[in-house]
Amino acid sequence: MSAMSAVSPRRYWLMKSEPGDYSIADLARDGSDLWTGVRNFQARNFLREARPGDGVLFYHSSCAAPGVYGVAEVCEEASPDPTQFARGKYRDPRATKEKPLWFCPRVRFVRELRTPWLLARIRREPALAGMTLLRRGNRLSVMPATLAEWRILSAEPPPSADAGAE
DNA sequence: GCCAACGTTGGC
DNA sequence: GCCAACGTTGGC
């Protein structure tokens with residue numbers, strides 16, 4: 001290997017899933033899975049940038065207590081999302097095998113947080129005030145996270161006086 | 001290219 | 001269920 005093929009630095013992502021569809025517990029059970037079903041071009045472009053080894057913050061959305069519930073890792077770069085060709089709600093008639101529209105990396109389970117970083121708590125953490133997640137109107141289901149955000153959210157939240165009052 | 005209508009996301 | 005915000009679609 002030469003310096004020309006230097007490995008790109010590890011990146012970090014926040015990926016949302018509705019726990020009713022697929023939760024961190026499901027990923028723990030499966031070990032790894034394809035991150036299928038993303039149908040937004042900006043999110044798709046992020047998925048195509050994901051590389052094996054990248055860190056993933058697993059976020060539960062559209063549920064009673066949204067937040068980061070665990071950690072995963074990209075283990076295979078994105079390939080054509082099979083659900084765009086299959087019958088069902090993720091089918092996209094514009095896509096062909098020759099020209100797929102949607103792509104999905106494979107993600108493997110790393111760990112579940114004993115205490116999730118609930119959205120309400122994320123909002124109260126000054127070091128996370130700049131997160132894309134918190135930007136008004138942001139609805140991306142896949143977004144980059146910074147190393148600083150990763151360091152905070154991939155670890156257990158510290159105990160706080162009002163923990164449990166959320 | 002503009003923009004209104006519509007659909008989706010996702011917190012609350 | 002409500003609603004804000006944004007993306008997509010399609011007429012022009």
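The structure displayed is predicted, hence computed values, not measured ones. Here is how names work: the chains are called A, B, and so on, in the same order as the sequence lines, proteins then strands, and each is numbered from 1.
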Asker: So, is A:Lys16 close to the B:dT9 phosphate, meaning a side-chain N or O under 4.0 Å from OP1 or OP2?
Answerer: no
Asker: With A:Glu49, which residues qualify under side chain to side chain donor-acceptor pair (under 3.5 Å), at least two apart?
Answerer: A:Arg11
Asker: Applying a 4.0 Å non-hydrogen cut-off, can you work out what A:Arg123 is touching in the nucleic acid: base, sugar-phosphate, or nothing?
Answerer: sugar-phosphate
Asker: For the pair made of CD1 in A:Ile122 and P in B:dG11, what is the distance, rounded to whole Å?
Answerer: 10 Å
Asker: Please, which pairs that meet ring-ring contact (aromatic ring centres under 6.0 Å, His included) have at least one residue in residues 42-101 of chain A, sequence neighbours excluded?
Answerer: A:Trp13-A:Phe46, A:Trp35-A:Phe58, A:Phe58-A:His60, A:His60-A:Tyr69
Asker: Any salt bridge (charged side-chain N to carboxylate O under 4.0 Å, His left out) involving residues 31-46 of chain A? Give me the pairs, sequence neighbours left out, ordered by first then second residue.
Answerer: A:Arg39-A:Asp81
Asker: Atom CG of A:Leu118 and atom P of B:dG11: how far apart are they, to the nearest Å?
Answerer: 11 Å
Asker: Check DNA chain B against residues 57-71 of chain A and give the residues with a non-hydrogen atom under 4.0 Å, in numerical order.
Answerer: A:Tyr59, A:Ser61, A:Ser62, A:Pro66
Asker: Once rounded to the nearest 0.5 Å, what's the spacing between atom OG1 of A:Thr132 and atom CG of A:Leu14?
Answerer: 9.0 Å
Asker: Could you tell me how far apart A:Leu134 (CG) and B:dC12 (P) are, to the nearest whole angstrom?
Answerer: 10 Å
Asker: Under 3.5 Å, which N/O atoms of the protein pair with N/O atoms of nucleotides 4-8 of chain B?
Answerer:
residue : atom : partner  : partner atom : Å
B:dT8   : O2   : A:Arg139 : NH1          : 2.7

Asker: So which of residues 39-50 of chain A are in contact with DNA chain C, with a heavy-atom cut-off of under 4.0 Å?
Answerer: A:Asn40, A:Phe41
Asker: In whole angstrom, give the distance that lies between atom CD of A:Glu18 and atom P of B:dT9.
Answerer: 7 Å
Asker: Mind checking what makes side chain to side chain donor-acceptor pair (under 3.5 Å) contact with A:Thr146, not counting sequence neighbours?
Answerer: A:Glu149
Asker: Can you list every salt bridge (charged side-chain N to carboxylate O under 4.0 Å, His left out) pair that touches residues 99-109 of chain A, not counting sequence neighbours?
Answerer: A:Glu73-A:Arg108, A:Glu76-A:Arg106
Asker: Can you find a heavy atom in the side chain of A:Val107 that is under 4.5 Å from one in the side chain of A:Ser32?
Answerer: no
Asker: When clusters are formed from ILVMFWY side-chain contacts under 4.5 Å, directly or step by step, what else is grouped with A:Leu101?
Answerer: A:Phe41, A:Trp102
Asker: Identify, with sequence neighbours excluded, every residue that meets side chain to side chain donor-acceptor pair (under 3.5 Å) alongside A:Arg94.
Answerer: A:Asp92
Asker: Indicate whether OP1 or OP2 belonging to B:dG10 is found under 4.0 Å from a side-chain N or O atom of A:Arg136.
Answerer: no
Asker: Among residues at least two apart in sequence or on other chains, which ones pass side chain to side chain donor-acceptor pair (under 3.5 Å) with A:Ser17?
Answerer: none
Asker: Under the side-chain contact (heavy atoms from CB on, under 4.5 Å) test, which residues partner A:Arg87, sequence neighbours left out?
Answerer: none
